[in-house]
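Contents: one structure, followed by commentary.
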Amino acid sequence: MKLQWFLLFLISFAEAQRETYIIHMDRTDMPRAFDDHFQWYDSSLKSVSDSAQMLYSYNTVVHGFSTRLTVEEAKLIEKQEGILAVIPEVKYELHTTRTPEFLGLGKSVSFFPASEKVGEVIIGVLDTGVWPELESFNDAGLGPVPPSWKGECEVGKNFNSSNCNRKLIGARYFSKGYEAAFGAIDESQESKSPRDDDGHGTHTSTTAAGSPATGASLFGFAAGTARGMAAEARVATYKVCWLGGCFGSDILAAIDKAVEDGVDVLSLSLGGSSPDYYRDNVAIGAFSAAAQGVFVSCSAGNSGPSSGSLSNVAPWITTVGAGTIDRDFPTYVTLGNGKKFIGESLYSGKPLSDSLIPIVYASEASNSSSGSLCLTSTLNPAKVAGKIVVCDRGGNSRIQKGVVVKDAGGVGMILANTDTYGEEQLADAHLLPTAAVGQKAGDAIKNYISSNANPTATISSSTTRLGVKPSPVVAAFSSRGPNFLTPQILKPDLIAPGVNILAGWIGGATPAGSDSDKPHVPFNIISGTSMSCPHISGLAALLKAAHPDWSPAAIRSALMTTAYSTYKNGEAIQDVSKGLPSTPFGIGAGHVNPMAALDPGLVYDTTTNDYFAFLCALNYTSLEIKVITKKDFTCSGNKYRLEDLNYPSFAVPLETPSIRGDENAAPTTIKYTRTLTNKGTPSTYKASVTSKSPSVKIVIEPQTLSFAEANEQKSYTVTFIASPMPSGTESFARLEWSDGKHIVGSPIAFTWT
């Protein structure tokens, strides 16, 4: 018995030393001794480990497999012939109606492709799965499943093949990487199947392509008809995210299978760090997907407003930030001195009385150094009971703060922004009367509390308000540029609605995702770049239906060059975190404008060869390039330049005099080259530049481009002559080409470091 326990201990210890690796193989190097690639993969693995098993084999967007190895075994397999790279597993996190009307999709139906054309487009969503019973997945009026579809509806706990239909045409789940790291899935907590137990995946998929669902609302808020951006498009879901996160081996397997299944658009509302492209499995998978004609949209991340906080910055990925729409859910805070402040909330329970009740700042009701944040078990019930509690935003979820207040006996909460979040107000389905207020209101309320011996307040019930101005504004949480990995590529690409978005939810979780006595709901209102990403995915599907011959790069260009960066009065879109005009590091090219994107006039098309030149300009080796592209490519003696990637925007990093060692340095001259493709009728376009940077002279050559036929291409150069500026300086400009009907706009961002 002791020997048996000792052997089990050794096995357990050995497994604890292992971690998941993704092994990228060169298919062209398979020895002749093997009949197929799977045999070769298996033999390569067995040569370094007798016990390791393959988690996945990859055959479409990458070639290779994933497995659990020790560090020593990983080093051994990396030395074998035919191994391109051995990349450790990376954990990714989720980047957690009225938007069709806000985007103009309900105004001119005649501009958009016929429903049967949209019905030929398939959107693949990689997320937490799907709740198929929702009205948003009703297939009424849809024709047969497109003949290009090769996927299937996988069966698992709480999910049958009958859950798919002509709307939800496929559903798969990928858990091997997750289970290798965390152990077997606890099926009492989540379903080992495509079933969504979280809500996030259902929300994103219905945002992208949900069928019209009448009577949609969250507890009466945002009432109306909910529909996705491409309501007639088909949906295929790929569950890659579980309670413990989303793992790279599962994500790569899902991308691999989705492209094989025949999706036209991939939507990924998740992200992690931004390593070199040849170490980033999402970027690697997305490259092959894009090369096969699949449009890939990813969320920019929720780490704003910090500078350089982006995820998913590869130039073949469309990176989406978040903005507001013209709808909010106001509630009012009335203080004992008669002053009123506006906030937001989706609380729908019993309201507070109109009479004033005591109010306390959380930091004064806690012994914790971070007491103002209302973290779990930090409030003193004796100082909180029967009172409204002011909690600072940050540290834990906004919903959880209300749980902490309620558990301590509080009767209401005011959620106050700090400097990080500025005047951004996010609505949540709180568990007690709550008002989320901006920094200015929060500071005023806290000043009132500190200057009164017996401060009091009350919170009104919430309502739905439309026509809010200004809108959009850039969300404070939306991750910002610059792109530290490749400073010459401006990211994010654009913004889309991502604040207080109503979309489908699930029948097995509360709207807030917290334990509560609230009923389960078919719709929920949440915020994040996770919400803005599927807006772009759905709009890309519309463009794909209207222009089936357009490449993913052409679709992205159309969305970017027609985006708007100012309101109708000419003022710049605001950044809510500071109450100042936004910059291209927050909005990229601007806010998406779907109707204009259908007819952009000109596009910046980017080919696979352009991306090869881009990788050469990064000084990547032939091996590193092959990891990304699966192609043999040797960078020749040609001078490759990052500045020449045919991208619809411009990022211009500049050196400061201190780095150059000359305080009186001469101006720096940098030239960028771009090529435009005509997607309209014959026309002549003229260039114009609007600049807020007097220290940079901008020269366009030529200043006029004439196109005689569709798909004709013309190139131009932009020369930037920049004077020295202090390190950390940022400045911006905008280039437009116009024929009087179309405006083809590109943001320009300068940084001195």
Between S577 and D575, a side-chain donor and acceptor under 3.5 Å: yes
Sequence-distant partners of K626, salt bridge (Lys or Arg N to Asp or Glu O under 4.0 Å), two or more places apart: D26, D632
Interatomic spacing from OG in S249 to OH in Y21 - rounded to 0.5 Å: 13.0 Å
Main-chain N/O of L598 paired to H547 side chain as donor or acceptor, under 3.5 Å: yes
Approximate separation, where rounding is to 0.5 Å, of T704 OG1 and D739 CG: 12.0 Å
Test side chain to side chain contact (heavy atoms under 4.5 Å, CB included) applied to E423 - qualifying residues, sequence neighbours left out: Q439, K440, V576
Check against salt bridge (charged side-chain N to carboxylate O under 4.0 Å, His left out), D428 and R398: CA-CA 8 Å; D428 297 293; R398 300 182 300 273; 2.6 Å; yes
Close side-chain approach of Y716 and L735, heavy atoms under 4.5 Å: yes
T677-Q713 side chain donor-acceptor pair, cut-off 3.5 Å: yes
Selection residues 266-279 - residue pairs positive for salt bridge (charged side-chain N to carboxylate O under 4.0 Å, His left out), sequence neighbours left out: none
Exam field: side chain S479 to backbone S309, donor-acceptor pair closer than 3.5 Å: yes
Salt bridge flag under 4.0 Å for residues D599 and K679: no
Donor-acceptor pair, side chain of H535 and main chain of M531, under 3.5 angstrom: yes
Stepwise side chain to side chain contact (heavy atoms under 4.5 Å, CB included) check, L268 with I251: CA-CA 9 Å; L268 290 81; I251 294 169; 4.2 Å; yes
Residues which pass side chain to side chain contact (heavy atoms under 4.5 Å, CB included) with N569, listed by chain and number, not counting sequence neighbours: Y567, E571
Residue pair Q425, V499: steps toward the side chain to side chain contact (heavy atoms under 4.5 Å, CB included) verdict: CA-CA 9 Å; Q425 295 180 353; V499 177; over 6 Å; no
Inter-residue atom distance I555.CD1 - L542.CG, 0.5 Å rounding: 10.5 Å
4.5 Å side-chain heavy-atom contact, L559 and I536: yes
Under the side chain to side chain contact (heavy atoms under 4.5 Å, CB included) test, residues paired with D256 that sit two or more places apart: Y58, N59, T60, V61
Under 3.5 Å: donor-acceptor pair, side chain of S471, backbone of T324: no
Backbone N/O of G201 and side chain of T128: donor-acceptor pair under 3.5 Å: yes
Check: residues 692-703 side-chain donor-acceptor pairs under 3.5 Å, at least two apart:
from: S693; atom 1: OG; to: S695; atom 2: OG; distance (Å): 3.3
from: S693; atom 1: OG; to: S731; atom 2: OG; distance (Å): 3.0

Side-chain donor or acceptor of E624 paired with backbone N/O of T621 under 3.5 Å: yes
Under 3.5 Å donor-acceptor, T207 side chain and H203 backbone: yes
Side-chain donor or acceptor of S299 paired with backbone N/O of T529 under 3.5 Å: no
Pairwise side-chain contact, I123 with D264, heavy-atom cut-off 4.5 Å (strictly under): no
Side chain to side chain contact (heavy atoms under 4.5 Å, CB included) between S649 and I748, intermediate numbers included: CA-CA 6 Å; S649 57; I748 305 171; over 6 Å; no
Residue pair I625 / Y278, side-chain heavy-atom distance below 4.5 Å: no
Under 3.5 Å side-chain donor-acceptor pair for S267 and S537: yes
Heavy-atom donor-acceptor pair, T606 side chain to N646 backbone, under 3.5 Å: yes
Residue of the set T634, T629, I628, T607 for which side chain to side chain contact (heavy atoms under 4.5 Å, CB included) holds with F612: T629
4.5 Å side-chain heavy-atom contact, T562 and H742: no
Distance-only donor-acceptor check, side chains T204 and D127, under 3.5 Å: yes
Listed partners of D328 passing salt bridge (Lys or Arg N to Asp or Glu O under 4.0 Å), at least two apart: R465
Could you pull out every donor-acceptor pair under 3.5 Å between side chains of residues 482-494 and any protein atom, sequence neighbours left out?
from: N483; atom 1: OD1; to: L485; atom 2: N; distance (Å): 3.1
from: N483; atom 1: OD1; to: T486; atom 2: N; distance (Å): 3.1
from: N483; atom 1: ND2; to: T486; atom 2: O; distance (Å): 3.2
from: N483; atom 1: ND2; to: I489; atom 2: O; distance (Å): 3.2
from: T486; atom 1: OG1; to: Y277; atom 2: OH; distance (Å): 2.6
from: K491; atom 1: NZ; to: A314; atom 2: O; distance (Å): 3.2
from: K491; atom 1: NZ; to: I317; atom 2: O; distance (Å): 2.6
from: K491; atom 1: NZ; to: T319; atom 2: OG1; distance (Å): 3.0
from: K491; atom 1: NZ; to: D493; atom 2: OD2; distance (Å): 2.9
from: K491; atom 1: NZ; to: Y647; atom 2: OH; distance (Å): 3.0
from: D493; atom 1: OD1; to: Y647; atom 2: OH; distance (Å): 2.6
from: D493; atom 1: OD2; to: T319; atom 2: N; distance (Å): 2.8
from: D493; atom 1: OD2; to: Y647; atom 2: OH; distance (Å): 3.3

SG atoms of C298 and C533 less than 2.5 angstrom apart: no
E736: salt bridge (Lys or Arg N to Asp or Glu O under 4.0 Å) partners, not counting sequence neighbours: R734
Residue pair F614 / L642, side-chain heavy-atom distance below 4.5 Å: yes
T751 (side chain) donor-acceptor with E730 (main chain) under 3.5 angstrom: no
Stacked cation flag R480 on F585, 6.0 angstrom / 45 deg: no
Working for salt bridge (charged side-chain N to carboxylate O under 4.0 Å, His left out), residues E93 and K91: CA-CA 7 Å; E93 300 292 343; K91 181 182 175 183; 3.7 Å; yes
For W752, ring-ring contact (aromatic ring centres under 6.0 Å, His included) partners two or more places apart: none
Partner residues of I670 under the side chain to side chain contact (heavy atoms under 4.5 Å, CB included) criterion, sequence neighbours left out: R641, E643, V652, L654, T668, Y672
Non-hydrogen side-chain atoms of V744 and Y604 separated by less than 4.5 Å: yes
Check: C616 and F633 side chains under 4.5 Å, non-hydrogen atoms: yes
Salt bridge (Lys or Arg N to Asp or Glu O under 4.0 Å) against R674, all qualifying residues, sequence neighbours excluded: none
Step-by-step side chain to side chain contact (heavy atoms under 4.5 Å, CB included) determination, L676 to K714: CA-CA 5 Å; L676 284 162; K714 292 288 180 73; 5.6 Å; no
